[in-house]
There are 2 protein chains.
Amino acid sequence: MDHSEGGEDIESTVDEAAAPREMKRNGSNFFDDKEAGMREPLLRRRTMNTTSQLAVVGANVCPIESLDYEIVENDLYKEDWRSRKKAQIFQYVVLKWTLALLIGLVTGLVGFFNNLAVENIAGFKLLLTSNLMLKHSYHKAFVVYAGCNLVLAAAAAALCAYVAPAAAGSGIPEVKAYLNGVDAYSILAPSTLFVKIFGSIGGVSAGFVLGKEGPMVHTGACIASLLGQGGSRKYRLTWTWLRYFKNDRDRRDLITCGAAAGVAAAFRAPVGGVLFALEEAASWWRSALLWRTFFTTAVVAVVLRTFIDFCRSRNCGLFGQGGLIMFDLSSSVPAYGTPDLIAVIVLGIVGGIFGSLYNFLIDKTLRTYSIFNERGAPFKILLTVAVSLLTSCCSYGLPWLAKCTPCPPDAHDQCPTIGRSGNYKNFQCPPNQYNDLASLFLNTNDDAIRNLFSGGTDNEFCLSTLFIFFIGVYCLGIVTYGIAVPSGLFIPVILAGASYGRLVGTFLGSLSKLDKGLFALLGAASFLGGTMRMTVSVCVILLELTNDLLMLPLVMLVLLVSKTVADCFNKGVYDQMVKMKGFPFMEAHAEPYMRNLVAGDVVSGPLITLSGVESVGNIVHAIRLTGHNGFPVVDEPPFSVVPELCGLVLRTHLLVLLKGKRFTKERVSTGAADVLQRFGAYDFAKAGSGKGVKLEEIDINEEEMEMYVDLHPITNRSPYTVAETMSLAKAAILFRELGLRHLCVVPKTPGRPPIVGILTRHDFMPEHILGLFPRIKHHG
Amino acid sequence: MDHSEGGEDIESTVDEAAAPREMKRNGSNFFDDKEAGMREPLLRRRTMNTTSQLAVVGANVCPIESLDYEIVENDLYKEDWRSRKKAQIFQYVVLKWTLALLIGLVTGLVGFFNNLAVENIAGFKLLLTSNLMLKHSYHKAFVVYAGCNLVLAAAAAALCAYVAPAAAGSGIPEVKAYLNGVDAYSILAPSTLFVKIFGSIGGVSAGFVLGKEGPMVHTGACIASLLGQGGSRKYRLTWTWLRYFKNDRDRRDLITCGAAAGVAAAFRAPVGGVLFALEEAASWWRSALLWRTFFTTAVVAVVLRTFIDFCRSRNCGLFGQGGLIMFDLSSSVPAYGTPDLIAVIVLGIVGGIFGSLYNFLIDKTLRTYSIFNERGAPFKILLTVAVSLLTSCCSYGLPWLAKCTPCPPDAHDQCPTIGRSGNYKNFQCPPNQYNDLASLFLNTNDDAIRNLFSGGTDNEFCLSTLFIFFIGVYCLGIVTYGIAVPSGLFIPVILAGASYGRLVGTFLGSLSKLDKGLFALLGAASFLGGTMRMTVSVCVILLELTNDLLMLPLVMLVLLVSKTVADCFNKGVYDQMVKMKGFPFMEAHAEPYMRNLVAGDVVSGPLITLSGVESVGNIVHAIRLTGHNGFPVVDEPPFSVVPELCGLVLRTHLLVLLKGKRFTKERVSTGAADVLQRFGAYDFAKAGSGKGVKLEEIDINEEEMEMYVDLHPITNRSPYTVAETMSLAKAAILFRELGLRHLCVVPKTPGRPPIVGILTRHDFMPEHILGLFPRIKHHG
């Protein structure tokens with residue numbers, strides 16, 4: 001019955017010096033997007049840590065956001081809740097909506113700026129090139145074209161490699177992981193935002209086969225995070241009202257809004273943005289959040305519309321076509337019969353196969369690149385430059401394979417295009433002829449998609465052109481993702497899918513009555529279904545992109561077929577990347593083998609507990625030696641009859657309490673009143689990443705170490721608990737559904753210490769469980 | 001330490017005879033839609049039951065579906081899981097998708113049939129009337145018109161009153177409550193389905209201001225439920241494969257699919273259907289469900305398209321206008337400036353006020369009607385007939401107030417319409433003139449909406465016409481909802497909103513450049529936002545109804561404004577009805593005052609517990625005396641050192657076990673093997689409503705009553721538990737998020753009986769808590 005007072009000493013079996021070192025190594029490996037996580041998931045690489053899972057969770061290795069619905073039920077909180085005035089609640093509501101408005105405004109603005117910059121830079125580059133080509137200076141044109149691309153690519157890669165490595169790649173997996181409760185290092189930092197915006201502009205302008213959509217989602221999330229934190233404390237931009245948002249739940253809500261706003265800004269698809277956030281990004285969802293997200297994306301739509309209208313009437317440089325509907329297809333006649341349906345199903349099946357192959361190849365490429373990228377920033381830039389040269393060669397070289405086509409007499413566009421980045425590229429052709437492959441390759445990605453989607457132009461592209469373009473874009477897309485540049489996956493997938501769809505449509509010729517532009521749309525849908533595995537959101541995004549509601553049944557059908565086919569082979573591309581990066585992502589469902597285990601099976605000790613009134617020395621010891629984020633507090637005989645679990649205390653709260661230095665000589669309970677005198681409730685509010693109180697900042701002398709402090713006021717008295725005999729599957733569901741960070745495991749039988757252990761996210765990871773019970777794998 | 005073995009005797013303080021009587025009364029009051037629940041919520045009317053909340057929950061009063069994610073972790077289940085072959089899993093997956101397909105097919109078919117029947121019946125009626133009017137037999141015309149309406153209305157009301165009272169009203173609140181875990185009586189029965197389909201056809205054809213959309217949602221849910229149960233066991237339509245679906249979770253998933261299919265069929269809006277199910281209907285959501293729902297609505301869209309195409313080429317009688325897009329608006333030019341935006345915001349504010357007023361008035365009307373409806377079926381029919389006469393008088397009488405308007409020379413429709421139910425009604429006017437009010441009133445609701453939404457017809461309706469129609473429809477809509485006929489709310493709200501919007505548009509005249517049809521759309525959106533309080537789904541449904549993507553930002557804006565305004569006054573109309581009907585609906589969030597209570601505060605005893613090996617007599621006693629749905633099982637000294645909580649056993653499982661009669665003379669644990677010999681896992685699967693084993697069916701003699709039975713194999717060994725000191729708010733969140741039916745409350749300190757009580761849904765209802773702690777209300 002008598003159990004040891006706290007277990008701190010046992011924990012010291014872990015070498016004190018070794019622990020931080022190990023953390024350091026993991027830290028740098030883990031979060032540097034390109035340097036690590038590419039070959040093997042983090043969890044498998046880490047030595048199986050049976051002594052203390054907690055140490056890993058709490059440490060800087062992987063600072064897991066406590067995204068729990070858990071209301072920290074300590075005295076301070078209750079006091080705060082009681083005293084909260086109506087005015088404060090009003091402030092909170094007003095601020096919440098103001099923030100949503102601001103996120104929408106800023107994201108819409110950034111999205112428009114991004115678009116404007118890309119169209120102008122890329123347009124200028126293409127203008128230069130085509131002017132030189134008109135003068136038949138083909139070599140010079142290539143040098144200019146490749147040179148521009150190279151400079152832009154190198155600049156973007158340098159930004160990425162030196163300023164914010166976390167900005168490389170799509171960013172969607174990171175946002176997804178964040179919303180699941182995994183806060184990867186500096187993923188929402190201001191520097192990341194900066195690099196994401198300008199790196200993305202550079203990357204897209206450089207003619208890479210990559211998109212701005214993924215980066216826009218990440219940008220939106222960063223904007224939301226920064227606005228929620230009230231800018232930077234460094235520059236004194238913090239606003240007292242924002243203290244209400246210093247908790248995980250509000251922060252997560254803001255970031256969900258940001259991600260939705262990003263999609264809305266990238267595709268000009270407000271409803272699609274909401275659905276994307278719902279289907280792909282968020283792990284928890286409330287209907288109040290739906291409503292706020294909807295508001296944010298509505299603001300984005302209004303902002304975008306205003307700017308596009310502004311650009312239509314005045315001059316925004318080379319800002320191109322496309323209103324609020326980026327690729328307007330609404331003219332096409334929707335009449336289809338059984339042969340069309342069969343064609344569409346075949347399209348979906350093949351699209352699904354290509355899509356899953358895409359995911360597989362991207363995975364392999366990323367793992368290969370990571371060897372190179374790990375060597376340091378110069379290597380990253382080198383790789384980017386190499387890929388840029390390859391892209392330039394393809395874009396400029398491959399069109400030479402295509403024959404010149406006479407301009408169609410009824411072309412609604414200028415043919416051949418002169419003086420701007422448009423349809424019907426002249427390239428090497430004589431006047432009144434155009435090179436159809438150049439119209440696709442030597443163009444911005446948006447314009448290429450617009451050309452592929454265009455209806456009523458059945459003979460614009462010949463079969464060989466589409467074939468070459470499809471192969472080229474498919475391979476370049478795979479090769480490009482993984483370089484140290486912010487790069488989205490939507491546009492490459494849509495490009496490849498649209499060319500594949502149009503290829504099939506052209507191949508079928510008169511067998512199908514469908515327009516070739518519609519085939520391109522269906523091909524894009526099949527590829528999106530095959531790689532992303534989203535259904536409703538892709539459907540709505542495509543609808544909002546093309547304004548073609550009558551095609552909805554066909555788009556739904558092709559998405560269903562391709563997703564089903566692709567699901568037979570592998571997981572969606574974002575899930576795959578989350579796994580590859582080693583984020584401890586909690587799935588919504590429990591694995592089947594968890595049903596045969598109980599919570600007690602995976603809890604690993606020894607456990608560090610604190611007393612209700614604990615000596616300062618012990619607390620400092622516990623904080624210093626371990627990286628635990630939460631410590632169970634146990635009340636013992638002077639304060640209770642038998643030892644009983646009082647609750648859970650958070651590391652950050654302990655640090656704030658220690659900094660306050662309200663210690664007592666005697667071991668007595670001082671109660672909440674004393675703590676309340678010293679602290680306000682918001683002193684314990686969650687600080688921004690890296691901004692909390694650190695142990696090193698607290699100067700505690702020898703005498704104080706001997707003193708006591710009452711932990712009751714800051715203890716969460718109502719932690720969620722499970723019995724040690726609880727099925728692990730059900731414990732996992734509890735943990736996931738309630739978004740917990742710590743789950744206390746209590747003994748089934750009386751007469752033992754009141755807490756057996758704490759389950760954290762890592763304890764539910766398949767790698768951990770299968771490491772403890774290797775036989776499970778075989779028994780299924 | 002020694003606690004009483006089971007608490008069954010204490011329960012007998014509740015009069016055995018009184019309990020069933022009380023249940024009976026509540027039962028009939030509670031579920032008969034029109035007869036009860038209208039004046040006061042059930043929970044407040046019930047005498048405050050402090051002896052046992054459990055008795056109420058378990059009884060037939062309100063058979064709450066155990067919609068929990070709770071995996072029943074008993075030995076049988078585990079055994080079943082281990083032995084489940086791959087083939088079975090394959091069967092399960094195939095069946096799941098087949099069912100989704102079937103739900104889509106059948107719902108699509110029913111939706112189309114409904115439409116076809118309504119258009120033919122109503123069209124024929126209007127044709128007769130207008131032919132008589134052409135002959136100037138105005139009185140005869142009124143008699144025919146009102147007579148047709150009367151007969152149809154009386155037929156629908158008779159069906160509803162005598163066959164299935166549960167079919168009256170919208171059905172959306174009931175479906176919403178079911179998906180939250182409340183299974184109202186016979187809400188998904190075959191008779192309800194039958195009446196819902198034919199009653200809805202009758203009601204809509206009778207010219208009432210009501211819609212078919214709500215009933216379609218309910219119809220879809222019924223179809224899904226029946227398909228999932230494999231039709232009726234009576235007619236031997238059960239299929240062995242369907243045993244996999246005999247659990248709450250799969251049943252709930254099917255019904256979600258059905259509800260989505262219903263919306264998709266009613267509005268021809270597949271994506272809108274998915275979003276409706278997500279935003280309004282479902283309480284729990286998984287991404288796998290999104291995907292299956294999407295599939296179902298895609299099937300509905302394909303079915304509808306096929307039939308509409310079929311009707312276009314051949315003859316479907318009077319089947320009217322409208323392809324897959326019901327009200328095509330896509331022609332309108334989307335150009336708007338600041339004055340338009342201001343107009344739209346004002347429109348939204350006023351729409352929000354009118355919307356919340358609508359909710360308020362509907363509430364009052366329902367409560368008034370319930371007095372009448374409670375008196376029996378004849379009274380219900382009488383009320384319906386009275387409302388029908390009123391509607392006929394309004395529809396036929398009010399158009400006489402309008403002046404004749406000369407036909408516009410550029411009318412794209414025939415003017416005046418002759419021989420079918422169309423635009424530009426001639427009514428009393430001379431040739432080449434039309435009565436604009438008759439075009440709205442003397443028409444089907446769909447055609448009236450189409451007329452209001454029509455673009456480019458700015459002068460078709462004059463100000464006074466729109467004003468009269470708005471007032472008329474607004475009042476008739478309120479008066480109609482509540483009669484004993486299946487009646488949806490969407491169409492009345494859209495009608496009132498569209499006329500209001502067009503009225504504002506016409507009033508503003510040239511101040512706004514927007515088309516009057518667009519104003520009608522925005523008005524409809526503002527009313528929908530004001531009454532339903534849905535955002536994303538209404539937005540997408542309107543988009544799919546009108547195919548007007550460019551209006552999206554404005555529609556979003558108006559929805560946001562009107563919802564915000566209306567939320568200041570009252571709750572959404574469906575939430576209001578759920579509350580009025582007294583369903584114990586679990587909100588997603590905990591009420592603020594729950595933070596000041598702990599779980600132990602609301603648990604009410606005495607508790608009935610069973611031993612691990614219990615005497616048959618005790619079990620029969622417990623089942624007979626109480627209506628509890630779950631009993632805690634406590635292991636005692638012969639089987640464990642100290643009394644400890646073994647788990648929870650369900651009433652239905654106990655009944656199956658008793659029926660199996662594997663009793664032993666001695667009090668020994670027989671283990672799982674013995675039970676497994678006698679039962680298959682599916683013997684314990686959840687039976688359809690009213691189909692489980694009943695106590696009366698089991699014949700147990702005196703000798704058997706003395707024998708023992710081992711409860712361990714059927715005990716759920718891992719029930720979710722909370723400590724009695726757990727904050728009630730957190731317990732509520734646990735209960736809601738995991739969709740539990742029983743939550744065990746365990747003692748905090750050792751040395752007491754191992755279970756304090758069980759929390760059920762009713763214990764979290766505000767009425768219960770505020771009844772126990774009346775002071776809370778004042779303290780806020």
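Letters go in sequence order (proteins before strands), and every chain restarts at 1. All of these numbers come straight from a predicted model, not from anything done at the bench.
In this structure, the portions of A:Val536 lying under 4.5 Å from any heavy atom of chain B include both its backbone and its side chain. For B:Leu552, the part sitting under 4.5 Å from any heavy atom of chain A is the side chain, from C-beta outward, and nothing else. Neither the backbone nor the side chain of A:Thr306 comes within less than 4.5 Å of any heavy atom of chain B. Looking at B:Thr293, neither its backbone nor its side chain comes within 4.5 Å of chain A, counting heavy atoms on both sides. If you measure heavy-atom distances from A:Leu554 to chain B, you find no contacts under 4.5 Å at all. For A:Cys744, no part lies under 4.5 angstrom from a heavy atom of chain B. For chain B, no part of A:Leu341 is nearby; none of its heavy atoms comes within less than 4.5 Å. At a 4.5 Å heavy-atom cutoff, the contact between B:Ala298 and chain A is made by backbone and side-chain atoms alike.
Using a 4.5 Å cut-off on side-chain heavy atoms (C-beta onward), A:Lys730 and B:Asn716 make contact. The shortest side-chain heavy-atom distance between B:Leu278 and A:Leu278 falls under the 4.5 Å cut-off.
Taking the ring pair (Phe, Tyr, Trp, His ring centres under 6.0 Å) definition, one finds that B:Phe735 meets it with B:Phe764, sequence neighbours left out.
Atom CH2 in A:Trp291 sits 4.0 Å away from atom OG1 in B:Thr564 (nearest 0.5 Å). Separation of atoms CD1 (B:Ile733) and CG (A:Leu738) is listed at 8.0 Å; rounding is to 0.5 Å. We find the NZ-CG distance between B:Lys748 and A:Leu645 to be 5.0 Å, quoted to the nearest 0.5 Å. In this structure, B:Met726 CE and A:Tyr720 OH are separated by 5.5 Å, a value rounded to the nearest 0.5 Å.
No donor-acceptor pair closer than 3.5 Å links the side chain of A:Ser727 to the backbone N or O of B:Ser718.
Between chain B and the options A:Glu280, A:Lys563, A:Met534, A:Arg533, the largest number of non-hydrogen pairs under 4.5 Å is found for A:Lys563. Heavy-atom pairs under 4.5 Å with chain B were tallied for A:Leu275, A:Val722, A:Val302; the largest tally goes to A:Leu275.
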